[in-house]
Amino acid sequence: MRSSQGGSRPGREQIRFGGFAIGLQSQRFKPPLTPIADPDTWGYLSPALRKLTCADFGHTQGRNFLYPGFLYLVLRSFGDFRAIAIVQHLLGVAAGGFYCSPGDVSRAFVPDSLVNPSLHDALGLAGAAIYLLASDTIQTETQVRREGVCAFLISINLYFTIQFVCCGFVEHRRTAAVVSGIVSVFSSILLASARPNFWFVVIVVMVPVAVFFVR
């Protein structure tokens, strides 16, 4: 993302967030890391277990394939149920990084803002801190439920949608806008597949994308 002065600052936001996240992740990875089961767990876990035991990967209780497929890949790769919670915690930390970025990107929308750039950065870090320190979020990431990865999918969608609007309508960088728009739409579909009640998000994201390609 270009700064308001036209130069680039590759990796500055990521480096700042990396140091910030290291100080917070100890709370996330504190044992025990055994995933928490509930009555809905079997509907997500059984397709992965069937596939791991050489049976067919099928739907259980009408669940979508996306999260069970994620569980299968994690268990196939690590062979340990604790890996589910660890990977979901890592995705949660990554989501915090994406939530941190809008504070930096917002300067492109108001290049002549009188607000100190450090305040934009502080707002982004504050948003990430609220997410990373929320006990409900940490608990959700320990559960064998699709909600454990939804925050990550939402963060990707939010980030690339903002990037698309900025590149397509503010900075007029067509190539970057096309790439961001494709990722934004794809992440919206993934999010809606994980949680069908997010199909409205797909519609909202498609509006600026359609306007960009039609105009």
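Bear in mind that the values here come from a model prediction, so they are computed numbers and not experimental data.
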With side chain to side chain contact (heavy atoms under 4.5 Å, CB included) as the criterion, how do Thr142 and His89 come out once you've worked through the C-alpha distance, each side chain's angles and the decisive distance to 0.1 Å? CA-CA 8 Å; Thr142 63; His89 282 322; 3.5 Å; yes

Using 30° and 60° as the class boundaries, would you call the ring planes of Phe160 and Phe98 parallel, tilted or perpendicular? tilted

Please say yes or no: joined through hydrophobic side-chain contacts below 4.5 Å, possibly via intermediate residues, are Ile130 and Ile138 part of one cluster? no

To the nearest 0.5 angstrom, please state how far the CH2 atom of Trp199 sits from the OG atom of Ser193. 5.5 Å

In this structure, CD of Gln88 is separated from CD of Glu147 (nearest 0.5 Å) by 10.0 Å

Between Cys150 and Arg195, the two heavy atoms sitting closest are SG-CG, 3.3 Å

Which heavy-atom pair separates Phe78 from Val87 by the least distance, and what is that distance? CE1-CG2, 4.1 Å

Qualifying residue for side chain to side chain contact (heavy atoms under 4.5 Å, CB included) with Phe198, from Ile154, Ile189, Leu153: Ile154

Calculate, to the nearest 0.5 Å, the distance between atoms CG and CD1 belonging to Leu191 and Ile156 respectively. 10.0 Å

Identify the heavy atoms of Gln163 and Ser180 that sit nearest to each other, and give their distance. CB-OG, 3.8 Å

Atom pair CD1/CG of Ile86 and Leu90 - distance to nearest 0.5 Å: 7.5 Å

Applying side chain to side chain contact (heavy atoms under 4.5 Å, CB included) between Phe81 and each of Leu33, Leu71, Thr34, Leu45, report the one that passes. Leu45

Report yes or no: does Ser155 contribute a side-chain atom to a donor-acceptor pair with the main-chain N or O of Phe152 at less than 3.5 Å? yes

Once you round to the nearest 0.5 Å, how far does CZ of Arg145 lie from CD1 of Ile36? 11.5 Å

Identify the two heavy atoms, one from Val74 and one from Ile84, that lie closest to each other, and give their separation to 0.1 Å. CG1-N, 3.8 Å

More than 12 heavy atoms of other groups within 6.0 Å of Phe169 CZ: yes

Which heavy atom of Ala48 sits nearest a heavy atom of Pro68, and at what distance? CB-O, 3.8 Å

Determine whether a donor-acceptor pair (N or O, by modelled atom type, separation under 3.5 Å) exists between the side chain of Thr53 and the backbone of Arg50. yes

CG of Asn197: more than 12 outside heavy atoms within 6.0 angstrom? yes

When you measure from the side chain of Tyr72 to the backbone N and O of Leu52, does any donor-acceptor pair fall under 3.5 Å? no

Please confirm whether the backbone N or O of Asn157 pairs with a side-chain atom of Thr161, one donor and one acceptor, at under 3.5 Å? yes

Considering only heavy atoms from C-beta outward, does the side chain of Phe212 approach that of Val178 to under 4.5 Å? yes

For the atom pair OG (Ser46) and NZ (Lys51), what is the distance rounded to the nearest 0.5 Å? 14.0 Å

Heavy-atom closest pair, residues Val204 and Pro208: O-CD, 3.0 Å

